[in-house]
Amino acid sequence: MQVLSSLRRSEAAGISREADATTAAFVELFRQHWQRVHGFLRYRLGDPALAEELTAEVFARAWASWITRGQPPTDEAAQAWLFITARNLATDHFRRRRSTCPLDGLPAFLHPTSDSPETGVLANDTLAGVERCLIELGEREREILGLRLIAGLRNRAIADIAKTSEGNVAKIVHRALRRVRQCLLEEGMSDD
Amino acid sequence: MTERPTMENPRFDDDLDRILSGAGLPGESGAGGDDYAMDLATARVLTAHFASLRHPPAEVGERIWRQTQQRIDAGRQPRLRPVSTIQPLIPFPRRRLVAVAAAILFLLSAITPVGPQVVATAQEVIAAWGWIERAPAPGDESTAVEIDETAPPPGMPTVGVDAVTIPYDPDTRDQIEPAGVPAGEPTSD
């Protein structure tokens, strides 16, 4: 709610003083999806500042597309457009940096808040184990798991974004969770 | 008989949504077999670790919104077109056509008898134009060219800068043959 009020203030002050339908729809699009787009990009990139920058780029491109080509016909289409653009921007970033490990910065931003040093150490151990297991996944498994568990997209929406079938997405999620579970067991961690 | 839930059926997708929303699962323990339950438990572990990504602070959203506005505003400003995209005065296909036509005319003028005649005529026109330019206008004293009466008339042969002047009669402007030298033979010192 705090973000929403801020967005409305910003809207009134800046981007468009005309409260037309397109602007209102775009503000609503931002309000609904910024957390998921940002979370997905931060998961993929591991750099908080870069994730914010590319999230802003995703929405700026969405606005430009709305102006030139019109608003997407459905919310699902708009959501798919946002995540396809986010994926492409992340891919371009990795190509430029020639990086093969997008989870480099994961520990910094996944650091859980802890009330005591003991729980902090335990949490860090768990966190490191989860990270190792995620890194062992394939690129496609890691990406689809991020779209499912961080962006919160359902399998059908992921299928539209990843250009594959819904059943294939379910299998990839299934396989990824099995591999993570097996890895956690090998690490001596229980997922209960 | 109820369908046994598996990873591929839509129920797992629904159960993942419940985990993401923080809601409990109906009949969670042993809902659909050990593998099913353990996979849901794994998803719950990952979801808990991704919590900070799924729920960032509100300040992050405000920063992203400001950046989005800045990028949109920057995109609205007109940009200079690259030089290569500026349309020339004569479009390139037309310039090429003109160049090809000029080359064809040049070749035709070189291989046909009309060509040298055209060139010769052009030279005469240019020469006549030059003579007209040099000639004084009638009554124009300022631009009149003084005629040297002692200078040989046009058409008299001279050789080089130090050519020997052949004497002539100023009145009749006829050549005077020196004594002892037959007419038409060159003289030398």
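Sequence lines set the chain letters: A, B, ... in the order given, protein chains first and strands last, and positions in each chain run from 1.
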If you round to the nearest 0.5 Å, how far is CG of Leu53(B) from CD1 of Ile150(A)? 4.5 Å
Report the C-alpha separation of Arg148(A) and Asp17(B) in whole Å, then their side-chain angles, then the decisive distance to 0.1 Å, and conclude whether the salt bridge (Lys or Arg N to Asp or Glu O under 4.0 Å) test is met. CA-CA 9 Å; Arg148(A) 186 67 189 92; Asp17(B) 276 348; 3.0 Å; yes
Less than 4.5 Å apart, any side-chain heavy atom of Trp34(A) and any of Thr68(B)? no
Which answer fits Arg61(A), side chain, backbone, both or neither, if we ask what part of it has an atom under 4.5 Å from a heavy atom of chain B? neither
Chain B heavy atoms under 4.5 Å from Leu145(A): which part of the residue, side chain, backbone, both or neither? side chain
Does the plane of the ring in Phe26(A) sit parallel, tilted or perpendicular to the ring in Trp65(B)? Use 30° and 60° as the thresholds. tilted
Inter-residue atom distance Phe30(A).CZ - Gln69(B).CD, 0.5 Å rounding: 9.0 Å
Below 4.5 Å, heavy-atom pairs only: which of Ala176(A), Gly152(A), Gly39(A), Ala64(A) has the largest tally toward chain B? Gly39(A)
Got Phe50(B) and Val130(A) here, is their nearest side-chain heavy-atom distance under 4.5 Å? no
Side chain to side chain contact (heavy atoms under 4.5 Å, CB included) partner of Arg181(A), the single match among Asp39(B), Leu46(B), Val45(B): Asp39(B)
Turns out that what part of Arg63(B) lies under 4.5 Å from chain A's heavy atoms comes down to side chain
Sequence neighbours excluded, the answer for side-chain hydrogen bond (donor to acceptor under 3.5 Å, both in side chains) partners of Gln67(B) is none
Please check: side-chain N/O of Arg42(A) versus main-chain N/O of Arg54(B), any donor-acceptor pairing under 3.5 Å? no
Side-chain heavy-atom pair Val173(A), Leu16(B) within 4.5 angstrom cut-off: yes
Contacts of type side-chain hydrogen bond (donor to acceptor under 3.5 Å, both in side chains), residue Glu53(A), not counting sequence neighbours: none
Any sub-3.5 Å donor-acceptor pair from Asp13(B)'s side-chain atoms to Asn155(A)'s backbone N or O? yes
